[in-house]
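For reference, the structure is listed below as structure tokens.
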Amino acid sequence: MPEAEHQVRPSWDEYFIGITHAVAARATCDRGKSGAVLVKNKFILSTGYVGAPMGLEHCDEAGHLMKTVSDEDGHAKQHCVRTTHAEQNAIVQAARHGVSIEGATIYCKMEPCLDCAKMIINAGIKRVVAERRYHAAALTREYFSKAGVKLDVLHDEVENYSNQ
């Protein structure tokens, strides 16, 4: 009888990051197709993905709503402002359903933008696990450090996406 192959179980961080990929499959903006998962005590509290606010047209239907903004270095970057970010949607879904996320961990595709970082801090989330770096996350890192939010990035490389 052949010996069974030894299967290595993913760590908890790898497991929940893997779930963000499934959540991201629902995203309706192809630029940063992203998902987020809120977890506490190894229990999923809420999920969110990138998409337009409920009842409004999605990028998949109406196209992107692009705005040019400057990053920390003064370089012009393109942002689609039609959507709500995955982290924001996960926080809002928890709030809509009365789920406390204080002390939770949020798993996401890349380091959160500054607006998401501020929401994460105010929601009482204590840890962020990102799969990759975000090209404009210098202030996010600074805010998290000052607010006592632990940031772990699994792959120390910048996430690239179209029309960045």
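This is a predicted model, so every value here is computed, not measured.
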Could you list the residues that satisfy side-chain contact (heavy atoms from CB on, under 4.5 Å) with A94, not counting sequence neighbours?
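Testing A94 for side-chain contact (heavy atoms from CB on, under 4.5 Å), a comparison that skips the adjacent residues, returns S46, V99, I101.
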Please identify each residue that fulfils side-chain contact (heavy atoms from CB on, under 4.5 Å) with A147, with sequence neighbours left out.
I121, V149
Got a sec, which residues hit salt bridge (charged side-chain N to carboxylate O under 4.0 Å, His left out) with E142, two or more places apart in sequence or on another chain?
K146
Who pairs with E14 by salt bridge (charged side-chain N to carboxylate O under 4.0 Å, His left out), at least two apart in sequence or on another chain?
none
Salt bridge (Lys or Arg N to Asp or Glu O under 4.0 Å): pairs with one or both residues in residues 78-97, sequence neighbours excluded:
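Sorted pair list comes back empty.
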Pairs in or reaching into residues 98-117: which pass salt bridge (Lys or Arg N to Asp or Glu O under 4.0 Å), with residues at least two apart or in two chains?
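Salt bridge (Lys or Arg N to Asp or Glu O under 4.0 Å) check on residues 98-117 returns K109-E159, E111-R133, E111-R141, D115-K118.
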Inter- and intrachain pairs under ring pair (Phe, Tyr, Trp, His ring centres under 6.0 Å), touching residues 15-35, at least two apart:
W12-Y15, W12-F16, F16-Y107
Return each pair, listed once, that meets ring pair (Phe, Tyr, Trp, His ring centres under 6.0 Å) where at least one residue sits in residues 41-62; pairs must be two or more places apart or across chains.
none
Looking at residues at least two apart in the chain, or sitting in another chain, which of them share a side chain to side chain donor-acceptor pair (under 3.5 Å) with [X]?
X: Q88; value: none
X: K150; value: D152
X: T47; value: none
X: E57; value: none

When clusters are formed by joining ILVMFWY residues with side-chain heavy atoms under 4.5 Å apart, either directly or through shared neighbours, do L154 and V37 land in the same one?
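Yes: a chain of side-chain contacts under 4.5 Å links L154 to V37.
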Given side chains that start at C-beta, do those of I120 and F144 come closer than 4.5 Å, heavy atoms only?
yes
Do the non-hydrogen side-chain atoms of T68 and Q78 ever get within less than 4.5 Å of each other?
yes
